[in-house]
Student: 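Structure provided below as structure tokens; questions to follow.
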Amino acid sequence: MTHPDGIEYGSSILGYPRIGARRELKFALEGYWHGSVSRDELLSTGRELADSVWSELAATGLEQVPGNTFSFYDHVLDTAVLFGAIPPRFADLVDELEPIDLYFAMARGKPKHPPLELIKYFNTNYFYRQPEIAPDGAFALNAEGLLDEHRRAKAEGIELRPVVLGPVSFLLLSKAAPGSPDDFSPLDRLDDLLPEYARLFDRLAKQGCKCVQLDEPCFTSDRTSIDLDALRRAYNVLSEVPTAARPRILVTGPYGDLGEALPILASTAIEAIGVDLISEPMTASELAAVPGLKRKRLYAGVIDGRNIWKAAKGGKLDFLLEIKSHIPDLVVSTSCSLMHVPVDVLIEPDLPGEVADRLSFAKQKVAEVVALAKAITHGAPEHWYTRPATVQFKLKHDVRQRVANIRPDQRQRMPYEQRKPLQDKALGLPPVPTTTLGSFPQTDEVRLARYYYGQGRLTWEEYAQRLRDEIKRVIELQEDIGLDVLVHGEAERNDMVQYFAELMEGYAATHQGWVQVYGSRFVRPPIIYGDIKRKHPMTVEWIGYAQSLTDKPVKGLLTGPVTMLARSFVRQDQPLYETAEQIALAVRDEIADLEKAGIKIIQVDEPSIRELLPLRERGRQGYLDWAVNAFRLAVGGAKPETQIHTHLGYSSIARVVEAFEAMDADVVSIVATRRIEWVFTQLAKGTALSHGVGPGVYESRSALIPDIDEIDERIQRATRAIAPERLWVNPDGGLKTRHYWQLEPSLRNMVAAARRERRRVESGDDD
């Protein structure tokens, strides 16, 4: 399709992985943080990664290439820096640190400067650092990096479309800076922020930039009338400037349905709108019925940016042609940025052939976009219509029969009031017991042993002995620190999901299928392609060995069915809840084997119960019902005297809190250190979280070491909302990413603070 300005349009994507095909970003970041990579080397690596992406994308034939998609840590934090939104509590570091070091201080913290809060990014597996917006203080455009990239690309003959988080979503994703008035909302600063976006547009226009992309993902969830009015106002203001003095404006709504926001955007003078037609598809006639949309350029997000299966291109083409009959100015695009999928399937040599032939990673998805755009004009080959619309693999009769035979009583345990005394007697724990949530730091020695074993340079017994040595060291350290309930440290695990996936049928694992979680934290989501079945016990050898080393209880540590599902690339040929039931049965079998090995406490982690929640109210209750049912099926076979723990993410949504309660775990640990007030509020209500609770007394992802008084103050606040006999003291997450020099003093301070509370309880001084 040729636009009136003479430039070819037709294919684009909304973003691309920024990590490098082999995690070059990770190694550069961690080298810089640890001192082995210089600042200049880090900046040079970042520039090379950014330039290589847009050069590669242009070479594919993609007609519009997104720019400004690279980030050293997080694109939301980048937006804060771009517009000078430095939180007041970091102001004293502005003149003290180089810009990149100030950026990392906000992301990772420094002494007396806790990092910005780490928050889930919608219903993806990505986390962002939450900006803090004060009621006063000027925004100030800081766009030299963005402008320089555009100039570099232009010099190579490539026209970039810079990608920036939209102004309304940026403010909605932010929180009020500490000390702000109670009635202040970051959205109150919209009118102060918009002129800086206009200045950015002006500078881009002067460089000859033709289009800018503003992402507004917040509007794919339910929004208030105030939010929607802010969206209307923002794009009326930004689009009122004549097009000769600004780039064309593309506004996108990734991760879901734009809903009420779509006609609002269509009513403004922006030139283009991007819609996600994967998460919650609209029909061509529904799109055509949106007032004003026919006059816009529509970026049709028909290629899935969040899953890894090849598109059924014949069906996609028919759909696009139907849309084009209503909305002629059409661009084939992805549903969201491709940052949520691995880079290239062609560097995966060991995937089963039946799986590999069906996969499409970021590079392959770009090719799908380009092919579809060409087919709109030139037609499609016949084989596009012969491939099945969804990927189907062989089914396992025994697994399906077992799921079909599930009985309601298999999801029920003895009532909590009856099983708690049995657990207290079996465990003999002191008041306010201390524990951790599972993982300990993965040392270089452990990683090297895993690598050598994978290369065949260590035998299984040699590898297993190194793991046993590490487990023994971790148990001895915890006993010395004085923790009451120990963990084996998870030395054998590469990741909380991937480890289990590799031990179950129906999963496939990659070598280089890395996806960024935040900063330098990457994971390789496994691929669910068939029916799930546990091959053999997965954790008993290691946890049983740890228990043999101590008289204190050692927790069994498992990943729950919903999290296994949410942090994998999932099959498309059956509903999610059916796959969750299959995984739940595998977890149930593992619990039974742990009990046989003498394990009395078993933690089934489910942080994704909250993470997988649908963005809009519709569908939430149905999802929560099956998610809770899957958890209860997994733990429903546990003996009454076995104490079941779970580890959940923060939620301020009442319905989600009710779901936490319905899971009927004996102890719930919450990732909520930075929002711990929410936990105290829920506990004080007395209507939720009525069993044991571990509110998370210090932030496990922070490099900062909490002092005893800080932890003690949090414990005392917790005991004002909950009886001490229900309170557990623990960090708010695993400790895998920490160093031992951080972990040891943090845990010793945590134990010391808990013992203070224990003395108050035993002396009767506790309020």
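The analysis underlying the following values was restricted to heavy atoms, covering all of them including side chains, and did not include hydrogens, waters or symmetry mates.
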Student: Within a 6.0 Å radius of atom NZ on K552, are there more than 12 heavy atoms belonging to other residues, nucleotides or ligands?
Tutor: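 Yes, NZ of K552 has more than 12 neighbouring heavy atoms, counting only those of other groups under 6.0 Å.
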
Student: Are any of the side-chain nitrogens in R571 or D531 under 4.0 Å away from the carboxylate oxygens of its partner?
Tutor: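 Salt bridge: yes.
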
Student: Applying side-chain contact (heavy atoms from CB on, under 4.5 Å), can you list everything that pairs with D593, at least two apart in sequence or on another chain?
Tutor: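 side-chain contact (heavy atoms from CB on, under 4.5 Å) check on D593 returns R534, P537, V540, K596.
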
Student: Taking I602 as the fixed residue, which of T642, T539, D666 is the one that meets the side-chain contact (heavy atoms from CB on, under 4.5 Å) rule?
Tutor: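 Only match with I602 under side-chain contact (heavy atoms from CB on, under 4.5 Å): T642.
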
Student: Is there side-chain contact between I19 and K26, with at least one heavy-atom pair below 4.5 Å?
Tutor: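 In short, these two side chains do not touch, never coming nearer than 4.5 Å.
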
Student: Can you name the residues that form a side chain to side chain donor-acceptor pair (under 3.5 Å) with N307, not counting sequence neighbours?
Tutor: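 Not a single residue meets the side chain to side chain donor-acceptor pair (under 3.5 Å) criterion with N307.
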
Student: Distance-only, no hydrogens or angles: does the Q582 side chain make a donor-acceptor pair with backbone N or O of I532 under 3.5 Å?
Tutor: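 The answer is yes, because a donor-acceptor pair under 3.5 Å joins these two groups.
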
Student: Under 4.5 Å between any side-chain heavy atoms of P731 and L747, yes or no?
Tutor: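 They are in contact (side-chain heavy atoms under 4.5 Å apart), so the answer is yes.
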
Student: Over 60° means perpendicular and under 30° means parallel, so tell me whether F104 and F72 are parallel, tilted or perpendicular.
Tutor: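 Perpendicular, since the angle between the ring planes exceeds 60°.
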
Student: Evaluate side-chain contact (heavy atoms from CB on, under 4.5 Å) for L351 paired with Y529, printing each intermediate quantity in order.
Tutor: CA-CA 12 Å; L351 285 169; Y529 69 91; over 6 Å; no

Student: Taking everything shown except K120 itself, do over 12 heavy atoms lie less than 6.0 Å from its NZ?
Tutor: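 Count over threshold, so yes.
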
Student: In Å, rounded to the nearest 0.5 Å, how long is the span from CG of N730 to NE2 of H647?
Tutor: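 NE2 of H647 is found 7.5 Å from CG of N730.
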
Student: Mind checking whether Y73 and Y103 have parallel, tilted or perpendicular rings, split at 30° and 60°?
Tutor: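 Perpendicular: the ring planes of Y73 and Y103 meet at over 60°.
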
Student: State plainly whether the residues D78 and R18 are in salt-bridge range, i.e. N to O under 4.0 Å.
Tutor: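 Judged by the 4.0 Å cut-off on N to carboxylate O distance, D78 and R18 do not form a salt bridge.
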
Student: Are the side chain of T563 and the backbone N or O of S608 linked by a donor-acceptor pair below 3.5 Å?
Tutor: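 Answer holds: yes.
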
Student: Is there side-chain contact between I481 and E744, with at least one heavy-atom pair below 4.5 Å?
Tutor: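 Sidechains of E744 and I481: in contact.
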
Student: Any non-hydrogen side-chain atom of E502 less than 4.5 Å from a side-chain atom of Y507?
Tutor: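 No, side chains not in contact.
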
Student: Just do the side-chain contact (heavy atoms from CB on, under 4.5 Å) check on V474 and Y740 with the steps written out, would you?
Tutor: CA-CA 11 Å; V474 167; Y740 273 99; 3.5 Å; yes

Student: How about H511 and I347: do any of their side-chain heavy atoms sit closer than 4.5 Å?
Tutor: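 Side-chain contact under 4.5 Å: no.
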
Student: Salt-bridged, E476 to R473, with N to O below 4.0 Å?
Tutor: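 Salt bridge absent between E476 and R473.
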
Student: Atom CG in L29, atom CZ in R23: separation rounded to 0.5 Å?
Tutor: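 One finds 12.0 Å between CG of L29 and CZ of R23.
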
Student: Is there a side-chain contact between H75 and F70 (heavy atoms, below 4.5 Å)?
Tutor: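 No. Closest side-chain heavy atoms not under 4.5 Å.
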
Student: What's the spacing between K533 NZ and I583 CD1 if we round to 0.5 Å?
Tutor: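 With rounding to 0.5 Å, NZ (K533) is 15.5 Å from CD1 (I583).
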
Student: What orientation do Y453 and Y463 show, parallel under 30°, tilted 30 to 60°, or perpendicular over 60°?
Tutor: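 Ring orientation of Y453 relative to Y463: parallel.
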
Student: Could you walk me through whether H340 and F122 pass the ring pair (Phe, Tyr, Trp, His ring centres under 6.0 Å) test, one step at a time?
Tutor: CA-CA 12 Å; H340 305 294; F122 301 98; 9.8 Å; no

Student: Do L486 and L549 touch side chain to side chain, with heavy atoms closer than 4.5 Å?
Tutor: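 When only atoms from C-beta onward are counted, L549 and L486 do not touch, as no gap falls below 4.5 Å.
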
Student: Taking atom OH of Y451 as the centre, does the number of heavy atoms from other residues, nucleotides or ligands within less than 6.0 Å exceed 12?
Tutor: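 Not buried by this count: 12 neighbours or fewer within 6.0 Å.
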
Student: Using 4.0 Å as the upper bound for N to carboxylate O, is an ion pair formed by E581 and R588?
Tutor: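 Salt bridge between R588 and E581, a charged N being under 4.0 Å from a carboxylate O: no.
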
Student: What I'd like to find out is whether the side chain of D101 reaches to under 4.5 Å of the side chain of Y32, using heavy atoms alone.
Tutor: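 Yes, their side chains come closer than 4.5 Å.
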
Student: With sequence neighbours left out, what residues match Y499 under side chain to side chain donor-acceptor pair (under 3.5 Å)?
Tutor: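 Per chain and number, Y499 pairs via side chain to side chain donor-acceptor pair (under 3.5 Å) with no residue.
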
Student: Donor-acceptor pair, distance only, cut-off 3.5 Å: does the side chain of K555 make one with the backbone of I543?
Tutor: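 Checking the backbone N and O of I543 against the side chain of K555, no donor-acceptor pair under 3.5 Å is found.
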
Student: Atom CH2 of W728 and atom CG of D484: how far apart are they, to the nearest 0.5 Å?
Tutor: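 One gets 8.0 Å once the value is rounded to the nearest 0.5 Å.
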
Student: Can you name the residues that form a side-chain contact (heavy atoms from CB on, under 4.5 Å) with S360, not counting sequence neighbours?
Tutor: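 S360: side-chain contact (heavy atoms from CB on, under 4.5 Å) contacts with K310, Q364, K365, E368.
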
Student: For Y452, does the six-membered ring have the charged nitrogen or CZ of R466 within the cation-pi criterion, i.e. under 6.0 angstrom from the centroid and within 45° of the normal?
Tutor: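 Not satisfied by the 6.0 Å and 45° rule.
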
Student: Any chance NZ of K110 has more than 12 other-residue heavy atoms, nucleotides or ligands included, within less than 6.0 Å?
Tutor: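 No - once you tally the heavy atoms of other residues, nucleotides and ligands closer than 6.0 Å, there are 12 at most.
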
Student: Enumerate the residue pairs fulfilling ring pair (Phe, Tyr, Trp, His ring centres under 6.0 Å) with a member in residues 34-53, sequence neighbours excluded, ordered by first and then second residue.
Tutor: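 Pairs touching residues 34-53 that pass the test: H34-H739.
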
Student: Who passes side chain to side chain donor-acceptor pair (under 3.5 Å) against T443, sequence neighbours left out?
Tutor: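 In terms of side chain to side chain donor-acceptor pair (under 3.5 Å), with neighbours along the sequence ignored, T443 is linked to E445.
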
Student: Is D480 salt-bridged to R748, going by a charged N under 4.0 Å from an acidic O?
Tutor: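 Salt bridge between D480 and R748, a charged N being under 4.0 Å from a carboxylate O: yes.
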
Student: What I want to find out is whether D495 reaches R567 closely enough, with some N-O distance under 4.0 Å, to be called a salt bridge.
Tutor: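 Looking at D495 and R567, the cut-off is not met.
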
